[in-house]
Q: 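Next up is a structure, given as structure tokens.
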Protein chains: 2
Amino acid sequence: MDPRLDRDMSNCSIARTLEVVGEKWTILILREVWYGSSRFSDFERVLGCPRNLLAARLRMLVEEGILATETYKEPGSRSRPKYVITPKGMDLVPAVMGLLQWGDRYRADPEGPAVLARHRGCGAHVDAQIRCERGHVVQAEDIESVPGPAFRMRPAE
Amino acid sequence: MDPRLDRDMSNCSIARTLEVVGEKWTILILREVWYGSSRFSDFERVLGCPRNLLAARLRMLVEEGILATETYKEPGSRSRPKYVITPKGMDLVPAVMGLLQWGDRYRADPEGPAVLARHRGCGAHVDAQIRCERGHVVQAEDIESVPGPAFRMRPAE
DNA sequence: GTGCTGAGTATAGAAAAGTAAACTCAGATG
DNA sequence: CATCTGAGTTTACTTTTCTATACTCAGCAC
């Protein structure tokens, strides 16, 4: 049998990323941060998600270093926490752009997308694409997956 | 208040994509298809996921047109179904490459990645990146999200 | 001090999802 | 005709998520 089918998948970067952002609401919370939300009540209002889950997800994202807390102070109110994205969180943008793009293509509203992503300054539409180190645009069919340094076989049972 | 915080998020391409691929196991099943699995028993063995969920996820992916069924026949056995990816499924590759890349960067095995993605032919390493239509590489900070044609405000309560 | 507000925590009940193991089904083999 | 095999289905149980409501806590206004 093809040995690739007996890979040990406990060691997979996709699975590990999903352990962090794969729970319900997590990516939608990040979307809201990108779109401008930062306060507990912002997330609650726009997402309509249960408060206890929202609190749990925010805590996890902060623990993972994807969000960080700062404080803000409305005049006449005390200081309260707000959530801002970190560079580690920004590095999730290509993945989420990929999801956005697929939804725009296959599950769009008849009127079109609700949100357009543009290159600030130049104003041109942006999208996620795959390129190789030499700068070629790579079609998904032309990606070859080969065992890397941490490749392991699945232990026999 | 910033009107963006009152957007109607029932109409979001990210949320809609997650409705299709956001459940547990779904993306890992697609990963296995990219890595060469096609049979029910392949997925079950490599993923270690419960059969009823595997069956439900495969059924859903086929209904959504992300996978398609074909039949295969081992000599001495009857014909059985196998699962192959469709072009619609291939269009999820940029999103999943984004997840892979983030995991490689932040949650890697000390030895390095378990799988390397190369450009078939040229052999160079590939990665997901964001570019604008004019071909500039766009940093996440330089993406501007503006209301699109289907932008809607959240209905007042 | 009393009340108000934003940001939570606590709790309880219902629904959905996940897990494990047993069972079915069809066609090939002996 | 009994057995094996891959691809599921069924069932029972556990965990997670959802919904809703109540409660806390700190500081500002009165």
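The model shown is predicted, which means the values in this text are computed figures rather than measured ones. Letters A, B, ... mirror the listed sequences (proteins, then strands); counts begin at 1.
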Q: Using atom CG of A:Leu47 as one end and atom C1' of D:dT19 as the other, report the distance to the nearest whole Å.
A: 16 Å
Q: On DNA chain D, does the nearest nucleotide to A:Arg57 precede the nearest nucleotide to B:Lys82 from the 5' side, or the other way round? Give the residue.
A: B:Lys82
Q: Do A:Trp102 and B:Val21 have side-chain heavy atoms sitting under 4.5 Å apart?
A: no
Q: Please report, rounded to the nearest Å, how far the P atom of D:dA7 is from the CG atom of B:Asp42.
A: 8 Å
Q: So that I can tick it off, tell me whether B:Arg45 and B:Glu32 are bridged by a salt bridge, with the cut-off set at under 4.0 angstrom between side-chain N and carboxylate O.
A: no
Q: Which part of the nucleic acid does B:Glu74 contact within heavy-atom distance under 4.0 Å: base, sugar-phosphate only, or nothing?
A: nothing
Q: Is the phosphate of D:dG6 approached by B:Arg45 (side-chain N or O, under 4.0 Å from OP1 or OP2)?
A: no
Q: Expressed in angstrom and rounded to an integer, what is the separation of A:Trp25 atom CH2 from C:dA17 atom P?
A: 13 Å
Q: Starting from C1' on C:dA16, measure out to CE on B:Met60 and report it in whole angstrom.
A: 14 Å
Q: May I ask you to evaluate whether B:Arg59 reaches the phosphate of D:dG8, defined as a side-chain N or O under 4.0 Å from OP1 or OP2?
A: no
Q: From CG of B:Asn52 over to P of D:dG8, roughly how many Å is that when rounded to an integer?
A: 13 Å
Q: Would you say A:Ser41 places a side-chain N or O within less than 4.0 Å of OP1 or OP2 belonging to C:dA7?
A: yes
Q: If you find the nucleotide of DNA chain D closest to A:Lys73 and the one closest to A:Leu53, which residue's nucleotide is nearer the 5' end?
A: A:Leu53
Q: Write down the distance between NZ (B:Lys24) and C1' (D:dT14), rounded to a whole number of angstrom.
A: 13 Å
Q: Could you work out which one of C:dT5, D:dG6, C:dA17 sits closest to the side chain of B:Arg80?
A: D:dG6
Q: Choosing from C:dA7, D:dC28, D:dT17, which nucleotide comes nearest the side chain of A:Glu23?
A: D:dT17
Q: Taking the nucleotide of DNA chain C with the nearest heavy atom to each, does A:Ser77 or A:Ala55 sit closer to the 5' end?
A: A:Ser77
Q: So, are A:Glu23 and B:Lys24 salt-bridged, with charged N and O less than 4.0 Å apart?
A: no
Q: Quick check: does any side chain N or O of A:Gln101 sit under 3.5 Å from a backbone N or O of A:Ala128, one acting as donor and the other as acceptor?
A: yes
Q: Can you tell me the distance, in whole Å, between the CG atom of A:Leu54 and the P atom of D:dT16?
A: 19 Å
Q: Once you apply a heavy-atom cut-off of 4.0 Å, does A:Phe43 come out as touching a base, just sugar-phosphate, or nothing?
A: nothing
Q: Is the base of D:dA26 touched by the side chain of A:Arg78 through a donor-acceptor pair closer than 3.5 angstrom?
A: yes
Q: Do the side chains of A:Val115 and A:Pro113 get nearer than 4.5 Å, heavy atoms only?
A: no
Q: Nearest to the side chain of B:Pro81 - D:dG8, C:dG18, C:dA7?
A: D:dG8
Q: B:Tyr83 has an atom OH; how far is it from atom C1' of D:dA7, in whole Å?
A: 8 Å
